Amino acid sequence: MMQIIYWRGECQKRLMWVGMIGLGFYAGCAAPRNTDELIRLAGDSNLADRRRLAVVEEVLSRPLNRSQQDILGQQLAQVMNSPRHSPVIRRRALALISQRYQDEAALWLGQALLNTNEPEICRDIVAALVKLKDKRAVPYLVVAGYEKGKIRPGPAGLVQKTLEQIAQENIITVLAGQIAANSMFPARLAALAGLKQHVGLEQTIALVLKLENNDDFINLLQFWARHFQYIPTNSAGFFVCQTQQMSLTDGLREQLQQRAGFLAQKWQYRFIPQDSYVILKAPKTDLEQTPQIWTNKITQRLASLTHTKRPPSYPGAPDDYQEDFIGRCRLFSYTDLIRMTLLLKSLAQSETIERLQQLLQDDLADVETEAGGLCFLDDMGQVLFKPYPPGRRIGDNHYDESPEMTRQAPLCLARWHCHADPGRQKGLAGPGTDDLQYAAYHNCPLVVVTYVSENVVNVDYCNPEGLVVDLGNY
């Protein structure tokens, strides 16, 4: 009898152990015995955190050959790079990478820092990088700290302090070194943004001009710094500079430099390459007009029109902006004033309004994308709204630029797209938050054409700084 009881007890223990393994590793399945299968499951985001952790610990308890160690490391790196995995799992992956993969840790964690949206996880990654003291993490930290739109990992100054600790140099030297080094492209641009933030544009230009001209990147920076007192600080700005440098003839570049210099001296204008088109296309006599003349023309024309205001998402939201011109006219650049004058002049023509109504009808007929494109000037100085097929059809309230449009955008008057939704109408009159971000990223003005009713078109102008003017209903 005792033997039977003992046997039953052992069976129950074994069944309990098997059940625990099954719950710990994979719901509804027996525990996988194959180490390679366990390693695969360690990266399975469909498993609950408790089961994932049990899988990881079981893998760590087993002897791994070199290939398995490498595969596990790649799994952990992928876990760190993906928001599909919970903070609990990513923190465990972070600890294992720091402990077991020190040769790769700086690169893996640096890349993970750029793909992480949670500030708490960012701080954990930064803390791990400080302990590693590996200078290969510097480019990633520069991007995380200074590229516009990145999640800042912790309080202001944390990235600067971390960079100085790892590089053992002051932040200006670190950033200048990233620009001069054959580092990754985003880090060089972010370093420029960081320098501009710390020492201002003039000193950044002075530092750039002192760099040894050893590659195309430095050559481009020095060209625009020397001739136009301009430094690109994001990829969109760099692309515009690169495209214009290649496409403008020597004669046009010389003309652009002369006109931009004239505007800077005469009207305290600050050049940006997205203004090149309007500076070159505008008649020389227009550039000699005072800002007040342009302001008066715009004010008089706007006063004769009716306007439609887009309701904000909520009070104080990014799209809770003013749309009036009077009282804010001094905030607009000289080239903004010229663009708005040209647009208002063209919008007074029935042919332009008929064209916009047709574009809105095309937008209404296509529920998979908005209509959009670029504004140019014809030989008579009228604004042409040239449409471009979207790069992707990603929804009725989105417009995705095609590669062809992006290639031609560096020399245009402005970008434009339609807001056409009969169900929302006035609710779409003007740029939304995403449109403001779009204009800021490309550092390019945006014209928004809105369907208000069957016979009414609303037009808004938005500059890269997020200032919006309702150009009226037509």
Side-chain angles (χ1 to χ4, degrees), residues 43 45 73-167 169 171 174-198 217 232-239 434 437-438 440-443:
S45 61
Q74 292 295 331
Q75 286 275 33
L76 296 172
Q78 291 174 16
V79 167
M80 288 300 303
N81 267 302
S82 173
R84 295 178 57 201
H85 303 278
S86 73
V88 170
I89 298 300
R90 278 185 284 167
R91 284 194 171 97
R92 183 62 179 134
L94 171 60
L96 291 174
I97 288 172
S98 300
Q99 294 164 7
R100 289 173 166 254
Y101 298 92
Q102 293 193 3
D103 288 344
E104 299 90 354
L107 302 178
W108 289 352
L109 296 182
Q111 186 63 53
L113 181 62
L114 304 186
N115 295 327
T116 299
N117 294 322
E118 300 92 338
E120 297 80 7
I121 301 293
C122 286
R123 283 195 292 270
D124 291 342
I125 294 173
V126 169
L129 291 173
V130 170
K131 291 180 180 179
L132 290 167
K133 297 181 180 178
D134 190 330
K135 292 184 179 182
R136 292 179 299 170
V138 167
Y140 300 98
L141 285 162
V142 169
V143 176
Y146 296 103
E147 184 178 280
K148 190 174 182 179
K150 289 293 181 186
I151 299 295
R152 298 293 179 258
L158 175 62
V159 168
Q160 176 182 337
K161 181 180 178 182
T162 302
L163 282 166
E164 291 177 332
Q165 285 179 313
I166 294 176
E169 295 174 319
I171 191 62
V174 173
L175 296 174
Q178 284 299 299
I179 297 169
N182 190 17
S183 184
M184 61 185 190
F185 177 70
R188 301 179 89 175
L189 287 174
L192 284 166
L195 274 180
K196 188 177 176 182
Q197 174 184 319
H198 286 293
F217 183 88
T233 55
N234 67 6
S235 57
F238 187 89
F239 175 73
D434 56 340
Q437 294 170 345
Y438 176 73
Y441 175 76
H442 289 287
N443 204 18

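Given the structure is predicted, the values throughout are model-derived calculations rather than measurements. FYI, side chains are in, hydrogens and waters are out, and symmetry mates aren't considered; it's all heavy atoms of this structure.
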From [X] [atom1] over to [Y] [atom2], what is the distance, rounded to the nearest 0.5 angstrom?
X: L109; Y: L113; atom1: CG; atom2: CG; value: 9.0 Å
X: Q111; Y: T116; atom1: CD; atom2: OG1; value: 9.5 Å
X: L163; Y: K161; atom1: CG; atom2: NZ; value: 12.5 Å
X: N81; Y: R90; atom1: CG; atom2: CZ; value: 10.0 Å
X: I166; Y: R136; atom1: CD1; atom2: CZ; value: 12.0 Å
X: L141; Y: K135; atom1: CG; atom2: NZ; value: 13.5 Å

Is there a side-chain contact between [X] and [Y] (heavy atoms, below 4.5 Å)?
X: M80; Y: I125; answer: yes
X: S82; Y: N115; answer: no
X: Y146; Y: H198; answer: yes
X: K131; Y: S98; answer: no
X: L129; Y: Y140; answer: no
X: L114; Y: E147; answer: no

Please report the closest heavy-atom contact between [X] and [Y], naming both atoms and the distance.
X: I171; Y: E164; result: N-OE2, 2.9 Å
X: A191; Y: L175; result: CB-O, 3.4 Å
X: G237; Y: P232; result: C-CB, 3.7 Å
X: I121; Y: P87; result: CD1-CB, 3.9 Å
X: A167; Y: V174; result: CB-CG2, 3.7 Å

Heavy-atom donor-acceptor pair, N234 side chain to Y441 backbone, under 3.5 Å: yes
Is there a donor-acceptor pair under 3.5 Å between the side chain of T162 and the backbone N or O of L158?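 Yes.
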For W108 and Q74, run side-chain contact (heavy atoms from CB on, under 4.5 Å): C-alpha distance rounded to whole Å, both residues' side-chain angles, the deciding distance at 0.1 Å, then the answer. CA-CA 9 Å; W108 289 352; Q74 292 295 331; 3.7 Å; yes
Classify the ring geometry between F217 and F238 as parallel (under 30°), tilted (30 to 60°) or perpendicular (over 60°).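 The arrangement is parallel - the two ring planes meet at less than 30°.
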More than 12 heavy atoms from other groups under 6.0 Å of CZ on R91: yes
Criterion side-chain contact (heavy atoms from CB on, under 4.5 Å) on H85 and R92, from CA distance to verdict: CA-CA 11 Å; H85 303 278; R92 183 62 179 134; over 6 Å; no
